[in-house]
K.L.:
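To start, I am sharing the structure in question, which I have written as structure tokens.
In this text the structure is predicted, and so the values were computed from the model without any measurement. These numbers come from the heavy atoms of this one structure, side chains and all, not from hydrogens, waters or symmetry mates.
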Amino acid sequence: MQKHVSGKSDYVKDLVEYIALSLVDDPSSVQVSQERNGNRIRLELHVAKEDMGRIIGKGGRVANAIRVLLRVTSARDGRQVTLDVVEPNS
């Protein structure tokens, strides 16, 4: 995954990071990586194993709500954003 220099186009990454930091118990484990391909942006959210339930939510509601926010905020720029919550290895 390519890290991108912070700028106007990184507001979606910053938004995901802000929301995740607000939800988790271990903020030091929150990492958001970004991969761009034209108008498509793919974000990967990494959190501690203990915080996965907080990020995903019951029935995936929290993760889906974050995805809706990303879709709405990125639509005005004509971009498509996807969010993957990556399960920790340990």
K.L.:
Search all heavy atoms of Lys13 against all heavy atoms of Gln34 and return the closest pair with its distance.
P.N.:
CB-OE1, 3.4 Å

K.L.:
Is NZ or CZ of Arg76 both nearer than 6.0 Å to the six-membered ring centre of Tyr11 and within 45° of the ring axis?
P.N.:
yes

K.L.:
How close do Arg54 and Leu23 get, counting heavy atoms only, and between which atoms?
P.N.:
CD-O, 3.1 Å

K.L.:
Between Val12 and Ser74, what is the shortest heavy-atom contact and its length?
P.N.:
CG1-CB, 4.3 Å

K.L.:
Go through the side-chain N and O atoms of Asn64 and Arg67 and say whether any donor and acceptor fall under 3.5 Å apart.
P.N.:
yes

K.L.:
Roughly how far apart are His46 NE2 and Asp84 CG, rounded to 0.5 Å?
P.N.:
9.0 Å

K.L.:
Taking Leu83 as the starting point, is it possible to reach Leu21 by hopping between hydrophobic residues whose side chains are less than 4.5 Å apart?
P.N.:
yes

K.L.:
Passes side chain to side chain contact (heavy atoms under 4.5 Å, CB included), Thr82 versus Ile41? Steps please.
P.N.:
CA-CA 6 Å; Thr82 58; Ile41 300 172; over 6 Å; no

K.L.:
Are a donor atom and an acceptor atom from the side chains of Asn39 and Gln80 found within less than 3.5 Å of each other?
P.N.:
no

K.L.:
Does the side chain to side chain contact (heavy atoms under 4.5 Å, CB included) test come out yes or no for Val62 and Ile19, once each step is laid out?
P.N.:
CA-CA 10 Å; Val62 174; Ile19 294 169; 5.9 Å; no

K.L.:
What residues, two or more places apart in sequence or in another chain, satisfy salt bridge (charged side-chain N to carboxylate O under 4.0 Å, His left out) together with Asp26?
P.N.:
none

K.L.:
Atom CG in Asp10, atom CD in Glu17: separation rounded to 0.5 Å?
P.N.:
10.0 Å

K.L.:
Among Val85, Leu15, Val32, find the one that has a side chain to side chain contact (heavy atoms under 4.5 Å, CB included) with Leu43.
P.N.:
Val32

K.L.:
So which atom in Ser29 and which in Asp51 form the shortest heavy-atom distance, rounded to 0.1 Å?
P.N.:
OG-OD2, 4.4 Å

K.L.:
Would Arg42 and Arg40 satisfy side chain to side chain contact (heavy atoms under 4.5 Å, CB included), going step by step from the backbone distance to the final call?
P.N.:
CA-CA 7 Å; Arg42 181 172 173 259; Arg40 295 177 187 240; over 6 Å; no

